[in-house]
Amino acid sequence: MNTLAAGRRHSVACREDGTAVATGDGRAGECDVSSWSGICAAAAGNVHAARNTGRSHSVGLRSDGTVLAAGWNGDGQTDVGRWREIVGVAAGWRTTLGLRADGTVVATGRTAEGQCDVAAWKDAVSIACGDWHSVAVLADGTALSTGSNRRGQGAVGGWHDLIGIGAGYLHTVGLRVDGTALATGDNTAGQCDVTRWRTVVAVSAGSHHTVALLADGTVRAVGDNHHRQCEVAEWRGVTAVAAGSAHTLGLLDDGTVIATGENSHGQCDVRPWRLHR
């Protein structure tokens, strides 16, 4: 379950008591989550930094399998009110995915690049959504992708032994059962340089950087570091991570949250958060 989520200009998280908290730019209502209840996972529309990508949306998965969403809805990306029996959610640019308990996937939002063409997917166990592509891990450890593949971000057909996956702007990262990672797609900032990682238990892809949580509670990051979003080497006692457009979040074992990276909209102002009671 995704306790933390980082978007273009905001961050969102779910507390242990089922409530949600958000910080950052809420111009489109993406931070309007204070009324949510029963939340067990969160997702945030995460997109590359550009003039036309300021607005975003937030998604909350409820423990009863229903879904809530707030924020920008220009392409119907928050039209999730009728979804049922959902066990996982993911959000990209103007797109939202839902993983059903039966392994099928539903999608709503922008369809221009084919990122919502998931109706035929079966046996999915994990999902992720990038700017223009959607990916999934299947029960047999293989992966599927749909949507834009212009930088090879959808070239996951030969992947195997997967237990997790993440999708960024133009790249995809996978987590194998043996704790190693692999990546495909645009690597101009080094965001796909993950093959040396070991004992990885979770991965998250930002726009141009990739973050990994290791079994010992430390964190690794590669890729663009112009905003210090990869400055995570000193983090300890981390239990979850999330990579946004140009910032990174980490949940500590005491329920507090730390952040690094671009903070011009307050998306890293997470110090007051307490996710555990």
Side-chain angles (χ1 to χ4, degrees), residues 2 5-12 20 22 24-33 36 39 41-62 65-100 103-121 124 126-137 144-151 153-154 165-172 185 204-207 242-245:
N2 300 321
R8 164 73 171 91
R9 294 174 175 172
H10 80 296
S11 301
V12 62
D25 187 341
R27 71 179 70 182
E30 54 265 67
C31 291
D32 296 341
V33 301
W36 289 3
I39 303 299
N46 180 18
V47 299
H48 67 287
R51 291 182 178 179
N52 67 332
T53 62
R55 295 174 293 174
S56 187
H57 69 295
S58 300
V59 183
L61 172 62
R62 304 183 76 180
T66 59
V67 181
L68 299 173
W72 186 34
N73 195 35
D75 288 83
Q77 59 265 45
T78 67
D79 294 341
V80 298
R82 295 184 179 181
W83 290 4
R84 297 293 183 272
E85 299 181 351
I86 304 297
V87 297
V89 290
W93 186 45
R94 301 196 281 184
T95 308
T96 304
L97 302 181
L99 173 61
R100 289 196 184 108
T104 59
V105 180
V106 291
T108 187
R110 181 180 172 94
T111 61
E113 293 79 23
Q115 59 267 63
C116 287
D117 295 341
V118 299
W121 289 2
S126 180
I127 55 174
C129 193
D131 265 38
W132 299 308
H133 72 296
S134 301
V135 290
V137 174
L144 291 176
S145 176
T146 188
S148 175
N149 189 36
R150 65 185 177 120
R151 295 294 179 88
Q153 65 264 44
I165 202 160
Y169 170 33
L170 295 171
H171 77 292
T172 302
S204 184
S207 288
S245 178

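In this text, all values refer to a predicted model and were calculated from it rather than measured experimentally.
Counting all heavy atoms, side chain and backbone alike, Leu99 lies closest to Ser126 at CD2-N, 4.0 Å. When every heavy atom of Ala44 is checked against every heavy atom of Val12, the shortest pair comes out as CB-CG1, 4.0 Å. Taking both residues in full, the closest heavy atoms of Gly45 and Ala91 are given as N-CB, 3.7 Å, listed atom of the first, atom of the second, then distance. Pairing each heavy atom of Cys129 with each of Ala90, the nearest pair is N-CB, 4.0 Å. Of all heavy-atom pairs between Ala69 and Val80, the closest is CB-CG2, 3.8 Å. Minimum interatomic distance between Asn46 and Gly206 (heavy atoms only, all atoms of both residues): ND2-CA, 3.8 Å.
Aromatic ring orientation, Trp93 versus Trp72: tilted (interplanar angle from 30° to 60°).
A 4.5 Å side-chain heavy-atom check between His133 and Thr146 finds every atom pair outside the cut-off. Annotation: side chain of Arg55 is in contact with side chain of Arg27 (closest heavy-atom distance under 4.5 Å). Trp132 is listed as a side-chain neighbour of Leu170, based on a closest heavy-atom distance under 4.5 Å.
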inquiry  = side-chain contact (heavy atoms from CB on, under 4.5 Å), that's the test. Do Arg100 and Ile86 meet it? Break it down for me.
reply    = CA-CA 4 Å; Arg100 289 196 184 108; Ile86 304 297; 3.9 Å; yes

request  = Could you give me the CA-CA distance, side-chain angles and deciding distance for Thr66 and Arg84, then say whether side-chain contact (heavy atoms from CB on, under 4.5 Å) is met?
outcome  = CA-CA 5 Å; Thr66 59; Arg84 297 293 183 272; 3.8 Å; yes

inquiry  = Could you walk me through whether Ser148 and Gln153 satisfy the side-chain contact (heavy atoms from CB on, under 4.5 Å) test, starting with their C-alpha distance in whole Å, then the side-chain angles of each, then the deciding distance to 0.1 Å, before giving a yes or no?
reply    = CA-CA 8 Å; Ser148 175; Gln153 65 264 44; 3.5 Å; yes

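At distances below 3.5 Å, at least one donor-acceptor pair connects side-chain atoms of Asn73 with backbone N or O atoms of Thr78. Panel note: side chain Ser204, backbone Ala243; a donor-acceptor pair is recorded below 3.5 Å. Judged purely by atom type and a 3.5 angstrom limit, Asn2 has no side-chain atom pairing as donor or acceptor with the backbone of Ala43. Within the 3.5 Å criterion, the main-chain N or O of Ser56 finds a donor-acceptor partner in the side chain of Glu30.
Of the candidates Val59, Leu61, Leu68, Ile39 forms a side-chain contact (heavy atoms from CB on, under 4.5 Å) with just one, namely Leu68.
Atom-to-atom distance recorded for Gln77:CD and Thr108:OG1 is 7.5 Å, nearest 0.5 angstrom. If you take CG on Leu144 and CD1 on Ile127, they are separated by 12.5 Å, rounding to the nearest 0.5 Å. Atoms NE2 and NE2, on His10 and His57 in that order, are 8.5 Å from each other to the nearest 0.5 Å. Expressed to the nearest 0.5 Å, how far OG of Ser134 lies from CD of Glu113 amounts to 10.0 Å. From Thr96, atom OG1 reaches atom CG of Asp79 across 9.0 Å, with rounding to the nearest 0.5 Å. To the nearest 0.5 angstrom, Gln115 atom CD is 9.5 Å from Asp131 atom CG.
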